[in-house]
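Proteins come first, then strands; the chains are lettered A, B, ... in the order of their sequence lines, and each starts at number 1. Atoms considered below: every heavy atom in the structure, side chains included; atoms not considered: hydrogens, waters and symmetry mates.
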Number of protein chains: 2
Amino acid sequence: MKRSKKDRQRQLQEKIKEQPFVTDEELADFFGVSVQTIRLDRMELSIPELRERIKHVAEKKLTDEVRSLPIEEVIGDVIDIELDKSAISIFDVKKEHVFKRNGIARGHHLFAQANSLAVAVINDELALTAKANIRFTRSVNEGERVVAKAKVTEIQERKERTTVQVSSYVGQELVFEGDFIMYRSNTSVKDETNENSY
Amino acid sequence: MKRSKKDRQRQLQEKIKEQPFVTDEELADFFGVSVQTIRLDRMELSIPELRERIKHVAEKKLTDEVRSLPIEEVIGDVIDIELDKSAISIFDVKKEHVFKRNGIARGHHLFAQANSLAVAVINDELALTAKANIRFTRSVNEGERVVAKAKVTEIQERKERTTVQVSSYVGQELVFEGDFIMYRSNTSVKDETNENSY
DNA sequence: TCCGATATTAGGACTAGGTACTAATAGTAG
DNA sequence: CTACTATTAGTACCTAGTCCTAATATCGGA
């Protein structure tokens with residue numbers, strides 16, 4: 001017996017952790033013991049078989065992807081709006097909005113809230129973002145509530161452009177700021193039934 | 001024959017894409033045909049068996065993890081990446097990404113693709129967007145495929161800032177352009193020991 | 001040195017989820 | 001009615017195991 005049983009089992013655990021896609025036969029070769037011994041070791045250490053290990057990794061990948069991928073259609077709840085003047089929305093940062101690595105909200109969600117609000121505040125049939133200049137002034141964490149305030153600062157009718165300034169806060173702290181230059185078609189529409197198309 | 005063979009094969013491809021952890025037997029039940037038929041279909045469509053599919057998913061997860069970057073969290077599919085240099089991703093615009101009123105993609109999806117690519121291209125433990133200057137140069141419609149190309153243009157180590165330029169195209173047409181100023185922690189992460197859990 | 005406990009190995013039966021192949025049958029178009 | 005495609009059935013074989021029994025090997029202590 002080159003190594004003791006405990007020694008081998010410790011190394012086995014390490015080996016599988018580092019390189020989970022290894023068969024019992026390969027492990028038996030590696031440790032110079034029989035396949036049966038490897039299997040007994042796995043039992044004692046409660047390490048599942050190769051296929052189960054592969055499956056766990058794959059399943060984790062799928063749940064990770066589902067969790068992080070979708071961006072909702074409308075980000076934030078509009079709580080106040082005065083067309084072509086100002087609007088306010090709130091957005092609660094949940095775990096699907098943050099980097100799993102560090103729990104910090106991903107920038108595009110803050111942008112999405114601001115952008116959606118900039119679109120919503122415009123009293124026009126068609127409103128699209130043309131340009132934007134944005135600053136992230138503080139990182140936002142899971143569980144925080146972001147309040148975005150949009151203010152229409154300029155309406156150039158002949159140019160089909162409207163400027164909207166959006167500032168987002170967590171409590172009193174500014175976390176995001178953006179100047180949005182919006183394209184608009186100049187056909188007022190909000191007297192229609194609101195279809196909530198933003 | 002409720003559906004034609006081609007019809008069934010098309011649906012089969014969809015089904016497996018959406019839900020790759022399904023056995024031939026379950027598929028046979030689902031489509032009301034025999035297992036052999038499902039197997040013939042897979043052959044013709046060059047779809048590998050369940051275990052191979054699981055293995056591919058798991059392998060992809062491991063290689064992604066080795067890169068230690070949030071590739072799984074990128075909006076769109078990363079098709080090429082050279083850390084701290086450049087990256088390319090594709091994003092297919094579907095109906096959930098557009099305004100139902102006019103079928104035009106919401107700006108924040110294009111932003112999200114570009115922003116997440118800018119984050120992914122940075123070879124650092126922590127990368128956050130600090131500022132961005134963006135232009136939407138053409139509206140993108142449902143069904144179109146957006147290719148985003150990110151290029152790292154400047155790395156200021158002492159200032160913990162990196163500039164990334166992202167240009168997104170539909171075919172040859174530029175649809176979005178953005179300059180991203182990214183914050184980074186300056187702790188390169190690629191040389192870490194890989195601690196995969198099985 | 002022998003005895004009993006622990007460790008290791010061998011072998012067989014069985015499993016899931018297949019591949020690869022042959023053969024039979026069903027349905028449809030010309 | 002025949003030719004052809006589509007579908008189904010069945011067999012042998014595969015991998016990477018589980019679960020079980022039985023036979024050895026090795027070691028530590030009296």
Mind calculating the distance between CZ (A/F21) and P (D/dG17) to the nearest angstrom? 13 Å

Shortest non-hydrogen separation from A/F99 to A/A105 and the atoms involved: CE1-O, 4.3 Å

Length of the CG-P vector between B/L27 and D/dT7, whole Å: 15 Å

After noting the C-alpha distance and the side-chain angles of B/R51 and B/E49, does the key distance pass the salt bridge (charged side-chain N to carboxylate O under 4.0 Å, His left out) rule? CA-CA 6 Å; B/R51 290 151 183 166; B/E49 63 169 286; 3.7 Å; yes

Identify each atom pair where a protein N or O and an N or O of nucleotides 9-11 of chain C are less than 3.5 Å apart, giving names and distance.
from	atom 1	to	atom 2	distance (Å)
C/dT9	OP2	A/S34	N	2.8
C/dT9	OP2	A/S34	OG	3.0
C/dT9	OP2	A/T37	OG1	2.4
C/dT9	O5'	A/S34	OG	3.3

note: B/F31, atom CZ; D/dT7, atom P; distance rounded to Å ~ 12 Å

Rounding to an integer number of Å, can you tell me how far B/M43 CE sits from D/dA6 P? 16 Å

Between A/I54 (CD1) and C/dA16 (C1'), how many Å, whole number? 14 Å

Is B/K55 positioned over the aromatic face of A/F21, cation under 6.0 angstrom from the ring centre and no more than 45 degrees off axis? no

Looking at B/Q19, I want to see if its CD is surrounded by more than 12 non-hydrogen atoms of other residues, nucleotides or ligands under 6.0 Å. yes

Grab the CG-P distance between B/D29 and C/dG17 for me, whole Å please. 13 Å

With side-chain contact (heavy atoms from CB on, under 4.5 Å) as the criterion, how do B/T162 and B/Q156 come out once you've worked through the C-alpha distance, each side chain's angles and the decisive distance to 0.1 Å? CA-CA 6 Å; B/T162 292; B/Q156 294 190 306; over 6 Å; no

Heavy-atom closest contact (B/R101 atom, A/E125 atom, distance): CD-O, 3.7 Å

To the nearest angstrom, how far is A/Q9 atom CD from C/dT6 atom P? 15 Å

Can you tell me the distance, in whole Å, between the CG atom of B/D41 and the P atom of C/dG18? 14 Å

Ring-face cation contact, A/F136 with B/K131, 6.0 Å cut, 45° max: no

Partners passing ring pair (Phe, Tyr, Trp, His ring centres under 6.0 Å) against B/F180 (at least two apart in sequence or in another chain): B/F111

Please classify the nucleic acid contact of B/R42 as base, sugar-phosphate, or nothing, using heavy-atom distances under 4.0 Å. sugar-phosphate

Decide if atom CZ of A/R145 counts as having more than 12 heavy atoms of other residues, nucleotides or ligands within a radius under 6.0 Å. no

Could you run down the sub-3.5 Å N/O contacts of the protein with nucleotides 13-16 of chain D?
from	atom 1	to	atom 2	distance (Å)
D/dT15	O2	A/R51	NH2	2.7
D/dA16	O4'	A/R51	NH2	2.7
D/dA16	N3	A/R51	NH1	2.9
D/dA16	N3	A/R51	NH2	2.9

